Amino acid sequence: MKNIIHITDNNKHKIMADSGFFQGSTNESSRERMKKILSMAVLNELTERQRICIIDYYFNGKKQKEIAENLGIDSSTVSRHIIKARDKLRHIASYYVN
């Protein structure tokens with residue numbers, strides 16, 4: 001069963017921090033479209049481990065060490081999954097910006 005991700009104005013910055021994707025955009029429909037694209041990308045484009053790490057870290061507020069213990073992997077591996085997932089989401093989003 002896949003998790004449902006809701007990207008809102010309050011949490012979108014957690015994934016796309018420092019990317020500039022949302023800065024200066026006043027077009028509500030464009031922002032809504034980007035939220036849908038990123039939600040679908042989280043569900044369909046990330047590996048299972050990347051998805052678990054991203055959801056637990058950004059949306060459930062878990063620490064990397066806690067995620068690592070739950071998955072039975074090293075915390076540096078969790079960090080790597082988060083970085084790779086964030087890079088992949090930025091790459092996907094870049095196709096839809098401007």
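Just so we're clear, the structure is a prediction, and the values are computed from it rather than from any experiment. Hydrogens, waters and symmetry mates play no part in the numbers below; they use all other heavy atoms, side chains included.
Lys36 contributes atom NZ, which lies 11.0 Å from atom CE of Met40 (distance to the nearest 0.5 angstrom). Between Ile52 atom CD1 and Ile67 atom CD1 the span is 10.0 Å, to the nearest 0.5 Å. Atoms OG and CE, from Ser30 and Met34 in turn, are 8.5 Å apart once rounded to the nearest 0.5 Å. Note that CD of Gln64 is 4.5 Å distant from OG of Ser79, once rounded to the nearest 0.5 Å. Between the CZ atom of Arg33 and the CG atom of Leu38 there is a distance of 11.0 Å, given to the nearest 0.5 Å. Here Gln50 contributes atom CD and Ile82 contributes atom CD1; the two are 10.5 Å apart, rounded to the nearest 0.5 Å.
Checked by atom type and distance alone, the side chain of Ser39 pairs as donor or acceptor with a backbone atom of Lys35 at under 3.5 Å. Counting only distance, with no hydrogens or angles, the side chain of Lys88 and the backbone of Leu46 share no donor-acceptor pair below 3.5 Å. For Arg51 (side chain) and Leu43 (main-chain N/O), a donor-acceptor pair under 3.5 Å exists by modelled atom type.
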Exercise. Assess whether salt bridge (charged side-chain N to carboxylate O under 4.0 Å, His left out) is satisfied between Glu66 and Lys63, documenting all intermediate values.
Key: CA-CA 5 Å; Glu66 183 181 357; Lys63 304 265 186 223; over 6 Å; no
Exercise. Apply the test side chain to side chain contact (heavy atoms under 4.5 Å, CB included) to residues His81 and Ile73: give CA-CA distance (whole Å), side-chain angles for both, the deciding distance (0.1 Å), then the verdict.
Key: CA-CA 11 Å; His81 284 308; Ile73 58 178; 4.2 Å; yes
Exercise. Please step through side chain to side chain contact (heavy atoms under 4.5 Å, CB included) for the pair Tyr57 and Val78, ending with a clear verdict.
Key: CA-CA 9 Å; Tyr57 186 73; Val78 171; over 6 Å; no
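When the salt bridge (charged side-chain N to carboxylate O under 4.0 Å, His left out) test is applied to Lys62, the partners found at least two apart in sequence or on another chain are Asp56. With sequence neighbours left out, Asn70 forms a side-chain hydrogen bond (donor to acceptor under 3.5 Å, both in side chains) with no residue at all.
Taking each heavy atom of Ile54 and Arg86 in turn, the nearest pair found is CD1-N, 4.3 Å.
At a threshold of 4.0 Å, the pair Lys84-Asp87 does not count as salt-bridged, since none of the basic side-chain nitrogens sits closer than that to a carboxylate oxygen.
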